[in-house]
There are 2 protein chains.
Amino acid sequence: MQLEQIKYPAQESVALTEPFFHMAFSVDCVIFGFDGNELKILLIKRGEEPFGGYWALPGNLIYLNENIHDGAARVLRELTGLQNVYLEQVETFGTVNRHPLGRVITTAYYSLVKIADCPVFAQSHAEEVSWFPISKVSDLAFDHLEILKACMQKLKKIVRGRPVGFELLPPKFTLSELQRLYEAILEYPMDKRNFRKKILSMNILVELEQYQEGVAHRPARLYKFDEEKYKRFVEEGFSFAV
Amino acid sequence: MQLEQIKYPAQESVALTEPFFHMAFSVDCVIFGFDGNELKILLIKRGEEPFGGYWALPGNLIYLNENIHDGAARVLRELTGLQNVYLEQVETFGTVNRHPLGRVITTAYYSLVKIADCPVFAQSHAEEVSWFPISKVSDLAFDHLEILKACMQKLKKIVRGRPVGFELLPPKFTLSELQRLYEAILEYPMDKRNFRKKILSMNILVELEQYQEGVAHRPARLYKFDEEKYKRFVEEGFSFAV
DNA sequence: TCAAAAGTGTTCTTATTACACCCATGG
DNA sequence: CCATGGGTGTAATAAGAACACTTTTGA
């Protein structure tokens with residue numbers, strides 16, 4: 001193997017085997033939102049080749065001198081305007097031919113956001129940005145459909161291990177909205193009484209003295225999350241320790 | 001941004017932004033074993049700079065024309081002689097300065113193996129290969145200690161969601177050995193009766209008409225795994241669906 | 001006969017499931 | 001007055017946790 005010195009930002013020089021150094025690294029962001037009924041996903045329409053005109057996950061190559069996690073946040077911001085979202089790594093996809101132009105390995109990140117609070121706008125190589133119901137997403141650029149599916153599996157796992165909703169619902173919501181969110185994520189119906197019993201027993205909800213208005217049925221009581229307790233729950237997960 | 005054509009194996013040509021293409025990608029393997037008492041980890045002593053003489057996870061750069069999963073299997077084989085192990089991806093580590101010679105992003109894989117069945121021998125840039133009790137591992141090359149910790153967390157999660165043991169124990173084992181394995185992974189003691197009740201209720205064990213020999217106490221009955229049922233359990237995990 | 005680990009059941013508590021009717025509102 | 005979704009409790013079952021003594025062997 002042949003060694004060579006190459007110029008490298010942030011470090012003086014490197015002596016690494018040249019043939020390894022013709023690859024790129026990207027991140028792709030799977031941003032889930034909820035509109036009160038359906039689970040949605042944020043996609044961009046690509047304005048560049050390859051896959052120009054295709055819908056895709058917001059993603060791009062990262063810089064040599066940025067951490068991949070920071071890169072994910074930057075790429076998401078540059079393409080969609082979304083910022084200050086909590087991104088969590090899911091999985092790295094590295095089959096040889098996943099990118100038609102060269103060897104590009106990508107790491108998927110996911111996040112949950114409130115659609116209403118997150119105005120998005122297309123920038124950079126994104127020609128459009130839009131929310132799509134996950135049930136209607138079928139064709140995506142690259143291997144992005146596979147990535148999306150992996151992230152949905154991850155989301156399903158997460159929702160079983162800790163409460164979800166703070167990131168996806170408006171500040172005040174009804175228990176039925178929360179239940180619809182769980183049903184949208186887990187893709188099966190739940191019993192109303194059992195769901196309420198369980199979610200209330202977690203002690204992460206605060207009952208408000210406010211009700212829905214203008215609905216053609218008995219108005220539902222509004223709740224909010226007890227932010228402190230919610231966060232503790234998320235951090236610790238359900239404790240399985242003895 | 002400046003575009004250029006670079007030579008690329010397996011594809012004709014690429015037009016990708018040059019500054020992105022000075023990085024490398026590696027894999028690191030976290031191989032867990034069990035000796036009947038302690039959880040152990042397979043390490044190599046590096047024979048090359050950087051971190052020459054340090055103990056490290058078996059890891060190396062991957063080739064441009066190999067899938068990362070295949071790369072993990074190859075690297076593990078080349079360094080330690082271990083092959084045909086089931087590798088599962090855990091997490092990708094991509095802070096800028098994690099490798100002193102340049103930008104190297106790495107993906108960690110883990111596996112579980114029977115130490116006795118897996119003769120290992122140092123090759124390539126591994127000067128030595130050896131099993132270490134996880135409790136005694138403290139200094140490792142690069143950020144490998146962080147990677148090891150992440151994989152241990154993953155292993156703890158896994159053991160709560162599906163049975164573990166087939167990959168780590170000899171073909172015939174006692175229930176106490178199995179319990180010691182669980183305790184070694186989860187790092188807390190378990191009640192003998194409750195453990196037995198639970199593991200037997202999974203129906204993945206076959207009671208043998210054989211007993212321990214030559215022990216200075218009442219000899220324990222031997223069990224083996226019902227391979228079919230075990231595999232089904234692993235694949236499906238614990239089903240939480242309604 | 002002693003030390004060491006094997007083996008074994010019951011009780012209590014908690015979590016999970018299944019299930020049906022009345023209530024408040026807008027149209 | 002009707003359609004719509006809101007709101008409520010109980011009983012049965014299953015899972016999890018706590019807990020102590022007898023058995024078998026080799027030394």
Side-chain angles (χ1 to χ4, degrees), chain A residues 35-38 159-163 165 169-170 172-184 186 188-224 233 237-242, chain B residues 35-38 159-163 165 169-170 172-184 186 188-224 233 237-242:
Chain A
D35 67 357
N37 255 306
E38 270 182 308
V159 81
R160 293 192 219 273
R162 67 161 182 90
L169 292 175
K172 298 171 186 177
F173 50 87
T174 69
L175 292 184
S176 292
E177 281 166 349
L178 187 55
Q179 184 176 343
R180 271 198 294 279
L181 170 61
Y182 271 77
E183 291 176 339
L186 291 173
Y188 60 75
M190 296 176 170
D191 179 85
K192 186 165 49 163
R193 280 175 290 192
N194 292 341
F195 178 80
R196 284 163 188 243
K197 208 186 308 170
K198 184 158 187 185
I199 205 86
L200 290 172
S201 76
M202 287 183 188
N203 258 333
I204 53 171
L205 294 182
V206 179
E207 189 179 282
L208 300 173
E209 292 306 318
Q210 296 175 51
Y211 297 84
Q212 279 182 312
E213 283 173 18
V215 288
H217 54 78
R218 175 170 172 181
R221 181 188 283 275
L222 297 176
Y223 289 78
K224 66 173 183 179
F233 226 124
F238 293 108
S239 171
F240 290 98
V242 169
Chain B
D35 67 357
N37 255 306
E38 271 182 308
V159 81
R160 294 192 219 272
R162 67 162 181 88
L169 291 174
K172 298 171 185 176
F173 51 86
T174 69
L175 292 184
S176 293
E177 282 167 349
L178 187 55
Q179 183 175 342
R180 270 198 293 280
L181 170 60
Y182 271 77
E183 291 175 338
L186 291 172
Y188 59 74
M190 295 176 170
D191 178 85
K192 185 163 53 161
R193 280 174 290 193
N194 292 341
F195 178 81
R196 282 162 190 242
K197 209 185 306 170
K198 184 157 186 186
I199 205 85
L200 290 172
S201 75
M202 288 182 186
N203 258 334
I204 53 170
L205 295 183
V206 179
E207 189 178 283
L208 300 174
E209 293 304 319
Q210 296 174 50
Y211 296 84
Q212 279 183 313
E213 283 173 17
V215 288
H217 55 79
R218 176 170 172 181
R221 183 188 281 275
L222 297 175
Y223 289 79
K224 66 173 184 180
F233 227 125
F238 293 108
S239 171
F240 291 99
V242 169

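Numbered from 1 within each chain, the chains take letters A, B, ... in sequence-line order.
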For the pair made of NZ in A/K192 and P in D/dG9, what is the distance, rounded to whole Å? 13 Å
Suppose the criterion is ring-ring contact (aromatic ring centres under 6.0 Å, His included): which pairs have a residue in residues 197-216 of chain A, not counting sequence neighbours? none
Let's test your reading of the model: under 3.5 Å, does the base of C/dA20 pair with the side chain of A/R193 as donor and acceptor? yes
Suppose we call a contact any N or O donor and acceptor under 3.5 Å apart; does that hold for the side chain of B/K198 and the base of D/dG16? no
Taken to the nearest whole Å, CG/A/D191 to C1'/D/dA11 is 14 Å
Side chain to side chain contact (heavy atoms under 4.5 Å, CB included) partners of A/D35, counting only residues at least two apart: A/N37, A/E38, A/K40, A/I115
Protein-nucleotide distance (A/R196, atom CZ; D/dT10, atom P), rounded to Å: 17 Å
Could you write nucleotides 22-27 of chain D as a row of B, S and -, 5' to 3', where a protein heavy atom under 4.0 Å of any base atom gives B, of only sugar-phosphate atoms gives S, and otherwise -? -BBBS-
For B/E207, what residues pass the salt bridge (charged side-chain N to carboxylate O under 4.0 Å, His left out) criterion, not counting sequence neighbours? B/R221
Under the criterion side chain to side chain contact (heavy atoms under 4.5 Å, CB included), I'd like the reasoning laid out for A/S176 against A/R196: C-alpha separation, chi angles, the key distance, then a yes or no. CA-CA 9 Å; A/S176 292; A/R196 284 163 188 243; 3.4 Å; yes
To the nearest Å, how far apart are B/Y188 OH and D/dA17 C1'? 12 Å
Under the salt bridge (charged side-chain N to carboxylate O under 4.0 Å, His left out) rule, collect the residues that match up with A/D191, sequence neighbours excluded. none
Are any of B/S176's side-chain N or O atoms less than 4.0 Å away from OP1 or OP2 of C/dA5? no
Rounded to the nearest Å, what distance is computed from the CZ atom of residue A/F195 to the P atom of nucleotide C/dT16? 13 Å
Sugar-phosphate only, base, or nothing, as touched by B/T174 at under 4.0 Å among non-hydrogen atoms: nothing
Between B/Q210 and B/K172, is the side chain to side chain donor-acceptor pair (under 3.5 Å) condition met? List the steps. CA-CA 9 Å; B/Q210 296 174 50; B/K172 298 171 185 176; 3.1 Å; yes
For the side chain of A/K197 and the base of D/dT10, is some donor closer than 3.5 Å to an acceptor across the two? yes
Provide, to the nearest angstrom, the distance between the CZ atom belonging to A/R221 and the C1' atom belonging to C/dT25. 16 Å
Which whole-number value in Å describes the distance from A/Q212 CD to D/dG7 C1'? 12 Å
Under the rule for ring pair (Phe, Tyr, Trp, His ring centres under 6.0 Å), what residues qualify as partners of A/F195, not counting sequence neighbours? A/Y182
What is the distance from CG of B/L208 to P of C/dG7, rounded to the nearest Å? 12 Å
Measure from the side-chain heavy atoms of B/N194 and tell me the nearest of D/dC19, D/dG7, C/dG7. D/dC19
